[in-house]
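Remember, it's 1-based here, ligands and their atoms both numbered in the order they're listed. Any value given below was found using the heavy atoms of this structure, including those in side chains, with hydrogens, waters and symmetry copies removed.
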Amino acid sequence: MSKTYKITVMPGDGIGAEVMAESIKLLDALSARLGFKFEYNEQAAGGAAIDKYNDPMPDSVIAACKLSDATLLGAMGGPKWDHHTGAMRPESGLLKIRKELGVFANLRPVSVPAALADSSPLRPEAVSGVDLLTVRELIGGIYFGKPVGNDGFEAFNTMRYTVPEIERVARVAFEWARKRRNKVTSVDKANVLDVSRLWRDTVKQLHAAEFSDVELNHLYIDNATMQVVLNPRQFDVILTSNLFGDILSDTTATLGGSLGLLPSASLGTKYGLFEPVHGSAPDIAGQGKANPVAMILSSSMMLDFLGETKAAAAIRKGYEAALAQGLRTADLWREGYKKASTSEMGRVICEETLKSL
Ligand code: IPM
Ligand code: MN
C-alpha cells in the first residue's frame, strides 16, 4: 500500500497561484517516482477568500487545514483588498490561520550556494557559503498581545510573552542547532524592553538546564541586523520573537540576492504550514516573472515534515543544479545568465530533482 498524504493547497493571491503550480508539478513528479501519493484539497485564502466568502480566512478553510497532513500556502493580499480594515484584511487571515494551527515556530532558512554568491548585493566572499536558520516565534508577541487599540488620536500594541511561550520556541531553536552547527544566537532588545529581559533570562535558563552542549550568545536586534549584513557567516540558528524575526528574516533574505528564494515552515506540536517568505507581488503577477524557488523549497520543507526526507533532499539538489546551469528568473537575472520564466525555472528544477534520485 503506498502512502497517501492529504495536502491543503492555498494558492492565495497575486503570484501565489503561479508559484504553487510549479510546486505541485514537482510534488507530483516526485510522488510518481518514489511511490507515494498526494491528495490535494484546494482552498481560497486571503483576497481570494474575501472575494469568495467575504472572509480572508473562513473557519471552513481552517477546518480543511486541520484535517490534512500539511498545508501549502502561496501568498496573500494585494491592492484590490487594501481598503479593508481589521479582521477583513488578507494579512489578518494569515495571522488567524497561524494562530489556529498553533504553529509557534517559524523556520526561515537561508543559504547562499556558491552559484548565487555573485547575485548578492554584498561581496561574494562575504556571503558565499552562508547557511543560517531563523527560528521566529510566530503566534505571540506584539502581533497578538492585548491590549491593542486605536481611537484615532492614540494607538497601541502590546509586546507580551510568557515563560512557556519563550521556552517552546527556544527549544525548537536549540534542537535545530544540534542537527546543524550547534550554535544559537538569541536576538532581543533586553537593554530597553522588559519583555526582552524575560526572553533573555528564559533562554539562558533553558540553555543551562537542557542545552548546555549548544553554544549560545545574545545580540540586541539593532546589532543583529547589522551583523547579518557585516558577517553573515557567523550565524547558525537565530532565535527571535515575532516582530524582530519578521524584520530580520527579510534582511537575511537579501543575502542571496532575492526574497524570491526564501522558504518557510511554520510548525507547532501538530500541524505544519509551508509558505514562501515573499508576498503576493501583484505588480508582476501573471507575467511569468515570479521566482518559484521559495515555494518549491517550502514544499521541500513540507516533505521533510512528512518524513519524505529523500524527496526533500532531492529538491534541494535540483534547485542548486538549476542555478549551476545559469538559469535565473527575472528577480536575479543579469548579463551572462539564462533568463527563465516561472515555468521554465520550475521545469528545470523538476528535471534536475528527478535526475538526482
Ligand atoms: C511574513 C509577512 C507577514 C508577517 C504579514 C504579511 C502578516 O510579512 O510572513 O513575514 O508579518 O508575518
Ligand atoms: Mn515579513
Basic-acidic side-chain contact under 4.0 Å: [X], [Y]:
X    : Y    : result
R334 : D118 : yes
R171 : E210 : yes
D28  : K25  : no
D222 : K189 : yes

Exercise for the section: Return a yes/no value for E275: is any of its N or O atoms, backbone included, closer than 3.5 angstrom to an N or O of ligand 1? Expected result: no

Exercise for the section: Look only at interatomic distance and state if R98 has a nitrogen or oxygen under 3.5 Å from any nitrogen or oxygen of ligand 1. Expected result: yes

Under 4.0 Å to a heavy atom of [X] - the qualifying atoms of ligand 1, by number:
X    : answer
R136 : 1 (C), 4 (C), 9 (O), 10 (O), 11 (O), 12 (O)
R108 : 1 (C), 9 (O), 10 (O)
Y143 : 4 (C), 11 (O), 12 (O)

Exercise for the section: Take every heavy atom of D246, measure it against each atom of ligand 1, and state whether any distance is under 4.0 Å. Expected result: yes

Exercise for the section: Of the side chain and backbone of R89, name the one, both, or neither that has a heavy atom under 4.0 Å from an atom of ligand 1. Expected result: neither

Expected output: side-chain [X] to main-chain [Y] donor-acceptor under 3.5 Å:
X    : Y    : value
N291 : L261 : no
R328 : L323 : yes
R178 : D213 : no

Fill in the blank from the handout: Ranked by distance from atom 5 (C) of ligand 1, the top protein heavy atom is L94 CD2, 4.3 Å

Exercise for the section: Would you please say whether a donor-acceptor pair under 3.5 Å links the side chains of D51 and W81? Expected result: yes

Handout entry: Residues N41, T8; criterion side-chain hydrogen bond (donor to acceptor under 3.5 Å, both in side chains); working and verdict
Key = CA-CA 5 Å; N41 175 356; T8 299; 4.7 Å; no

Problem - Protein-derived N, O or S atoms lying under 2.8 Å from the Mn ion (ligand 2), waters excluded - result: 1

Problem - Of all pairs that satisfy salt bridge (Lys or Arg N to Asp or Glu O under 4.0 Å), the ones with a partner from residues 303-322, not counting sequence neighbours - result: D304-R316

